[in-house]
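These notes concern the structure reproduced below.
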2 protein chains.
Amino acid sequence: MAVVSRYTIALHILTWLAYWVEKDEFFPSDRIAKSVGTSPVFLRRILGQLAKAGLVLVQHGGTGAGWRLARSPEKISLLDVYEAVVQTPLFELHHSQPNPGCVIGHGIQPALQRVYGDSEETLKRRLAQESIADLVASSLEHGKR
Amino acid sequence: MAVVSRYTIALHILTWLAYWVEKDEFFPSDRIAKSVGTSPVFLRRILGQLAKAGLVLVQHGGTGAGWRLARSPEKISLLDVYEAVVQTPLFELHHSQPNPGCVIGHGIQPALQRVYGDSEETLKRRLAQESIADLVASSLEHGKR
DNA sequence: TCCATTGTAACTACTTCAGTTATATTGAAA
DNA sequence: TTTCAATATAACTGAAGTAGTTACAATGGA
């Protein structure tokens, strides 16, 4: 299966906020929703996770309420976003327990956990190399055509 | 989210077959199911994918019917298994289309596709480094205790 | 011909995800 | 103090995917 589209949405949100970062404003969720093409409630659920991870700031009430980046786009890596939004491990183990009476059934899970852990680490190191600022640049590059 | 547990099941099957590879026999799916702890039908669905990918051989009728490895465990990488069993890309894009009138909405998908593609490649290169033979060794190591 | 086994379809139960609706809460500005 | 634009959150829906079960047709060696 796949890393949920929630991750894509989170990256879209942050890239959008980064694009407007010069404005130095808080932007409401339904304004962001216009670009993402999804519901403001869904976005706020994700924005809440990003806020908890310290990636965005929220202004609750009043006329200027909304969201903005908590730090500069260069300092937000795709790994930061991944860890803010994705809580489950990349690989699933068995749903029902393997037979502990069988040598393989007994030893396979720790064996897999090692490989799975290493592989997830490898993926995360790759994500750490890219920032939201890179995504803005790359989006503009493609958006131009 | 996660790579489906089907991948874990496929690795369990192949590791089990590799453990018994000296026997030079075809093993029925319900024998394998005893070790994995799941239903033979589910296993046969996965075994079918593995056969299509050329990783196992199947013997249909008769008393000696069942499954065996198509080649030696050292020559089956975890990437081979991944590609046999997982068909969807690792990262999902938007479910509903982003706004093409917005600069970011227009450019974000190709930008993400590049990063997502690179990241998936990185993961696959890691999986290519490990073989079913390694999993057998590692399982026995843990199974011993 | 026998029969252990695979191949496959149909169905169920469960979970997750995205989206919607509705309501309470916040807090700057008038 | 009131107003009101916005967030916070719960409850619900529909859709999709996963794993598991049952049932039955097809295979092919003995």
Side-chain angles (χ1 to χ4, degrees), chain A residues 1-13 17 24-34 36-52 56-68 70 85-98, chain B residues 1-13 17 25-34 36-52 56-68 70 85-99:
Chain A
M1 155 116 14
V3 175
V4 283
S5 85
R6 201 177 336 127
Y7 182 52
T8 287
I9 305 298
L11 292 177
H12 190 145
I13 292 171
L17 287 175
D24 204 31
E25 288 177 22
F26 288 85
F27 297 92
S29 59
D30 63 341
R31 174 96 186 271
I32 310 176
K34 290 234 169 57
V36 181
T38 187
S39 88
V41 176
F42 184 38
L43 289 196
R44 285 204 294 274
R45 282 205 280 251
I46 295 171
L47 279 159
Q49 296 184 285
L50 297 177
K52 207 168 286 177
V56 299
L57 301 175
V58 58
Q59 181 76 260
H60 276 109
T63 34
W67 309 81
R68 55 171 301 173
V85 157
V86 180
Q87 309 86 349
T88 56
L90 185 58
F91 294 93
E92 281 182 27
L93 288 180
H94 304 66
H95 285 188
S96 49
Q97 214 208 348
Chain B
M1 167 82 25
V3 174
V4 283
S5 84
R6 201 177 337 124
Y7 182 52
T8 288
I9 305 298
L11 292 177
H12 189 146
I13 292 171
L17 287 175
E25 288 177 22
F26 288 84
F27 297 92
S29 58
D30 63 340
R31 174 94 187 273
I32 310 176
K34 291 234 168 56
V36 181
T38 186
S39 91
V41 176
F42 185 38
L43 289 196
R44 285 204 295 274
R45 281 205 281 251
I46 294 170
L47 280 159
Q49 296 184 286
L50 298 176
K52 207 169 287 176
V56 298
L57 300 174
V58 58
Q59 180 79 259
H60 276 108
T63 32
W67 309 82
R68 56 171 300 174
V85 157
V86 180
Q87 309 85 350
T88 55
L90 184 59
F91 295 92
E92 281 182 24
L93 288 180
H94 304 66
H95 286 189
S96 50
Q97 214 208 348
N99 183 355

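Rounded to whole Å, the distance from CD on A/Q49 to P on D/dA8 is 12 Å. Rounded to whole angstrom, the span from the CZ atom of B/R68 across to the P atom of C/dT6 amounts to 15 Å. D/dA8 atom P lies 8 Å from atom CG of A/L47, rounded to whole Å. Rounded to whole angstrom, the span from the CD atom of A/E25 across to the P atom of D/dA6 amounts to 11 Å. With rounding to whole Å, A/L50 atom CG is found 15 Å from D/dA8 atom C1'. Distance OH (A/Y7) to C1' (C/dC17): 19 Å, rounded to an integer number of Å. Nucleotide C/dA28 holds its C1' atom 12 Å from the CZ atom of A/F26, rounded to whole Å. Between B/I46 atom CD1 and C/dG7 atom C1' there is a gap of 15 Å when expressed in whole angstrom units.
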Completion exercise
A correct 5'-to-3' footprint of nucleotides 20-30 of chain D, with B, S and - meaning base, sugar-phosphate only and no protein heavy atom under 4.0 Å, is BBB----BBSS
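For B/S39, the side-chain contact (heavy atoms from CB on, under 4.5 Å) partners two or more places apart in sequence, or in a different chain, are B/V41, B/F42. Residues satisfying the side-chain hydrogen bond (donor to acceptor under 3.5 Å, both in side chains) criterion with B/R31, sequence neighbours excluded, are absent altogether. Applying the side-chain contact (heavy atoms from CB on, under 4.5 Å) rule to B/E25 yields the partners B/K23, B/F27; only residues at least two apart in sequence or on another chain are considered. For A/T8, the side-chain hydrogen bond (donor to acceptor under 3.5 Å, both in side chains) partners two or more places apart in sequence, or in a different chain, are B/Y116.
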Per-pair distances, 0.1 Å, donor-acceptor, side chain in residues 56-63 of chain A, under 3.5 Å, sequence neighbours excluded:
none

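With a 4.5 Å cut-off on side-chain heavy atoms, B/V85 and B/I9 do not count as touching.
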